[in-house]
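Reviewing the structure listed below.
Chain A is the first sequence line, chain B the second, and so forth, proteins listed ahead of strands; every chain is numbered from 1.
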There are 2 protein chains.
Amino acid sequence: MKDKKKYTYEYPRPALATDCVIFGFDGGSLKLLLTEREKEPFKNKWALPGGFVHMDETTDECAERILKEKVGVKNVFVEQLYTFSETDRDPRERVVSVSYFALVNKHQYELVAGRDTLKAEWFELADLPKLAFDHSKIVKMAILRLKGKVSYQPIGFELLNEKFTLSQLQSLYEAILETSIDKRNFRKKILSLGILKVLEEKEKNVARKAAWYYSFDKKAYKELTQKGIYFEI
Amino acid sequence: MKDKKKYTYEYPRPALATDCVIFGFDGGSLKLLLTEREKEPFKNKWALPGGFVHMDETTDECAERILKEKVGVKNVFVEQLYTFSETDRDPRERVVSVSYFALVNKHQYELVAGRDTLKAEWFELADLPKLAFDHSKIVKMAILRLKGKVSYQPIGFELLNEKFTLSQLQSLYEAILETSIDKRNFRKKILSLGILKVLEEKEKNVARKAAWYYSFDKKAYKELTQKGIYFEI
DNA sequence: ACCATTAGTGTATTTTTTACACTTTTTGTG
DNA sequence: CACAAAAAGTGTAAAAAATACACTAATGGT
């Protein structure tokens, strides 16, 4: 035991970790991806996927690594959320957590996940279990951030497939903002931004009028924001 | 030297520090409070006031301590900005910095500062010296945050005296947003929010029509936001 | 054939934002 | 003491944006 401890410093240091709040959308409601803890403390409790920051990686890189290694997702939208530093947030010793929030397309995720990842499960945002550590607090902040951000940055698209219908997009906004939006006004607004392109493809095998698919036009969005024009829904 | 190093861990840990971006306003333009470094690295260069996080304090508390000890300001608006974790951001060893931004009433500050604080100076935002470490990057982000935040949260008031005229408030907004605002429209808008109260006091000894003093009505603001109504300028 | 279901569309009203100019008050100066 | 200088304070009309609202079109299932 003593032998293991080999990194020595002049002053005490907190451990530094990263925790990830991972949002997904299944067409109806927002979900959160949680992992079951394998060890004490909080063994068998649900928690945000997280881990300690390595000496050769930034916290951003650490978050990406956790997303990939622990839950099998990569190339997704990740953004730093907040740093939590309450001295007693981990019962073992002091751990400061730089938290991140990620937006994942649930369908893509289901293809990648599985292998040597942790036991992970999607939970309804409205029906979360009690979480380990201060993770409920972190989730709360992430939800606020997502709500705030979604109306002035096109991050919502990260939660959908590359092609999507306007109704799907509207459902997503309604789920995030917890409100209902008038269909005509929504379409008017979102199309007027000029950041969507209609594809030459409709839904198939639906027992109703098929909807056109759209995709997010990243180039148009970049031009828009570079000109200093704010996106707002 | 060896004797000094007495804190030992199983895995290596970055040092954890806090840096503060402190904004002030003098009626005309926005300023930033910088301290001169007393030691290497970057000895005698200008830098953000900062320091290492103690084991018994949160990063918030650390930021407050730095504001108080190093530059002599207290009871000011402080908010976490972002955590910077590039592995090479400090040439000595790995230091992760949780940065904060603070808004200070320059007049109040001038009363408190001085004693056993560091050499500190206000700099024009438009005319900053080259800064130590990655502090320029931190400042850039703080400016963006301030600009973004000022139009939907009444943080601007923190930079003014408790009583202020509408013209002073407008100048502040113009300085932060780097734009000019129509006087009548500004007054209409800001008064319609119902978060200002007119005092029964005017300016004195000014060679023009004296302006009424106003103060920020925290109670009204709280009620407003608790009802879920967004403040926006 | 028809039923159920959701896609897709336009207009009128209200609210918000913008643009714009003159009078009032006070001090300092000649 | 008249007048100049300086910024305070004030209203309205026009334009733009947000909102409220209801029917027809297309498709697969029964």
[atom1] of [X] versus [atom2] of [N]: gap in Å, rounded?
| X | N | atom1 | atom2 | value |
| --- | --- | --- | --- | --- |
| A:Lys183 | D:dA20 | NZ | P | 17 Å |
| A:Ile233 | D:dA17 | CD1 | P | 16 Å |
| A:Gln170 | C:dT9 | CD | C1' | 14 Å |
| B:Phe186 | D:dG11 | CZ | C1' | 18 Å |
| B:Lys202 | C:dT27 | NZ | C1' | 14 Å |
| A:Ile181 | D:dA17 | CD1 | P | 19 Å |
| B:Asp182 | D:dA14 | CG | C1' | 14 Å |
| A:Arg187 | D:dA18 | CZ | P | 18 Å |

Taking side chain to side chain donor-acceptor pair (under 3.5 Å) as the criterion, tell me which of B:Glu201, B:Glu203, B:Gln168 meets it with B:Lys163. B:Glu201
So what does [X] hit on the nucleic acid, given a heavy-atom distance under 4.0 Å: a base, only sugar-phosphate, or nothing?
| X | result |
| --- | --- |
| B:Lys189 | sugar-phosphate |
| A:Lys188 | base |
| B:Thr165 | nothing |

Pairing donors with acceptors under 3.5 angstrom, does anything connect the side chains of [X] and [Y]?
| X | Y | answer |
| --- | --- | --- |
| A:Thr83 | B:Thr83 | yes |
| A:Ser97 | A:Asp19 | yes |
| B:Tyr213 | B:Asn161 | no |

Most 5' of B:Glu232 and B:Ala210 on DNA chain C, judged by nearest nucleotide: B:Glu232
So, is A:Ser167 near the phosphate of C:dA7, with a side-chain N or O under 4.0 Å from OP1 or OP2? yes
Hey, does the side chain of A:Arg184 come within less than 4.0 Å of D:dC21's phosphate (OP1/OP2), counting only N and O? no
Which sits closer to the 5' end of DNA chain D, A:Lys209 or B:Ala211, going by the nucleotide each is nearest to? B:Ala211
Reading DNA chain D from 5' onward, which residue's closest nucleotide shows up sooner: A:Asn205 or B:Glu203? B:Glu203
Compare the minimum distances between each of C:dA7, D:dG9, D:dA7 and the side chain of B:Trp212, then state the nucleotide with the smallest one. D:dG9
Looking at D:dC21, D:dG9, C:dT6, which one has an atom nearest to any side-chain atom of A:Asn185? D:dC21
Tell me whether the guanidinium CZ or amine NZ of A:Lys202 lies under 6.0 angstrom from the six-membered ring centre of A:Trp212 and within 45° of its axis. yes
